[in-house]
Amino acid sequence: MDTAVNPQQIQKVFGEYFAAADIDGLLSLYRPDAIFTDPTGRQHVGDAAIRAQLQSLLDIPNVSFELRNTHSFITDRVALLHGAWEIRGGDAENEIAMSGTSIEVVEKQPDGTWLYVIDNPFGIASGDAS
């Protein structure tokens, strides 16, 4: 699969790895000390914690995922991305449909690729703004 050679491409590559149910590929897009937030705003730090969060999404039966970039703010080495996403899956008895807007911070690595530093798929959770 591809690597992210520009900030916006990381969202496309994330979608490719997700569609392939490639948990190791997904984790390769995160710095080892990256932060991933859940719907409550709780922070999950590092590979093991992020793996658990992403695997729970991949474990949804018949899961599909779409993510598109809506805004990008890019400096030389850091970018702030906003995206719109949708997850669908489940079965006849337990259908799942979620959507949201993400806030993501990515950083350019010495090899020229970009990795997630902060991945907040749920934007600002209720009560987080202070």
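Quick note: residue numbers are just sequence positions, from 1. FYI, side chains are in, hydrogens and waters are out, and symmetry mates aren't considered; it's all heavy atoms of this structure.
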- Message: Hydrophobic clusters here meaning ILVMFWY residues chained together by side-chain heavy-atom distances under 4.5 Å, can you tell me if Leu67 and Ile74 are in one?
- Response: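 Per the 4.5 Å side-chain linkage, Leu67 and Ile74 are not co-clustered.
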
* Asked: Linking I/L/V/M/F/W/Y whenever any side-chain heavy atoms sit under 4.5 Å apart, do Val78 and Leu115 land together?
  ->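 In one cluster: no.
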
Sub-4.5 Å side-chain heavy-atom contact between [X] and [Y]:
{"X": "Leu58", "Y": "Asp22", "result": "no"}
{"X": "Ile87", "Y": "Val63", "result": "yes"}
{"X": "Val13", "Y": "Leu29", "result": "yes"}
{"X": "Phe14", "Y": "Leu54", "result": "yes"}
{"X": "Arg88", "Y": "Asn62", "result": "no"}
{"X": "His82", "Y": "Glu104", "result": "no"}

- Identify the two heavy atoms, one from Gly25 and one from Ser28, that lie closest to each other, and give their separation to 0.1 Å.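 Residues Gly25 and Ser28, closest heavy atoms: O-OG, 2.5 Å.
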
Next item on the list: Work out which heavy atom in Leu81 is nearest to a heavy atom in Ser72; give both atom names and the distance.
Entry: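 Shortest heavy-atom contact: CD2-OG, 3.6 Å.
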
With distance as the sole criterion, is a donor-acceptor pair present between the side chains of Gln8 and Asn69 under 3.5 Å?
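Side chains of Gln8 and Asn69: no pair found under 3.5 Å.
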
Any side-chain donor near an acceptor of the partner, His44 and Asp38, under 3.5 Å: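 Note: His44 and Asp38 side chains meet the donor-acceptor criterion.
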
_Set out, in order, the CA-CA distance, both residues' side-chain angles and the distance that settles side-chain contact (heavy atoms from CB on, under 4.5 Å) for Ile35 and Val117, then state yes or no._
CA-CA 6 Å; Ile35 297 170; Val117 177; over 6 Å; no

Gap between atom [atom2] of [Y] and atom [atom1] of [X] - 0.5 Å precision:
{"X": "Ser64", "Y": "Phe18", "atom1": "OG", "atom2": "CZ", "result": "8.0 Å"}
{"X": "Arg51", "Y": "Phe36", "atom1": "CZ", "atom2": "CZ", "result": "13.5 Å"}
{"X": "Tyr116", "Y": "Ile50", "atom1": "OH", "atom2": "CD1", "result": "11.0 Å"}
{"X": "Ile103", "Y": "His71", "atom1": "CD1", "atom2": "NE2", "result": "12.0 Å"}
{"X": "Thr101", "Y": "Phe122", "atom1": "OG1", "atom2": "CZ", "result": "10.5 Å"}
{"X": "Asn6", "Y": "Lys12", "atom1": "CG", "atom2": "NZ", "result": "10.0 Å"}

Can you check side-chain contact (heavy atoms from CB on, under 4.5 Å) on Met98 and Leu57, steps first, answer last?
-> CA-CA 11 Å; Met98 297 185 296; Leu57 297 173; 4.3 Å; yes

Original post:
side chain to side chain donor-acceptor pair (under 3.5 Å) between Tyr30 and Asp119: does it pass, once the steps are laid out?
Top reply: CA-CA 9 Å; Tyr30 291 83; Asp119 185 0; 2.5 Å; yes

Could you check whether any side-chain N or O of [X] sits under 3.5 Å from a backbone N or O of [Y], counting only pairs where one atom can act as donor and the other as acceptor?
{"X": "Arg77", "Y": "Lys108", "answer": "yes"}
{"X": "Gln109", "Y": "Glu107", "answer": "yes"}
{"X": "Gln9", "Y": "Val5", "answer": "yes"}
{"X": "Trp85", "Y": "Phe65", "answer": "no"}
{"X": "Ser102", "Y": "Asn120", "answer": "no"}

Review point. Are there more than 12 heavy atoms of other residues, nucleotides or ligands under 6.0 Å from atom CD of Glu66?
Key: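 Counting neighbours around CD of Glu66, 12 or fewer heavy atoms of other residues, nucleotides or ligands fall under 6.0 Å, so no.
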
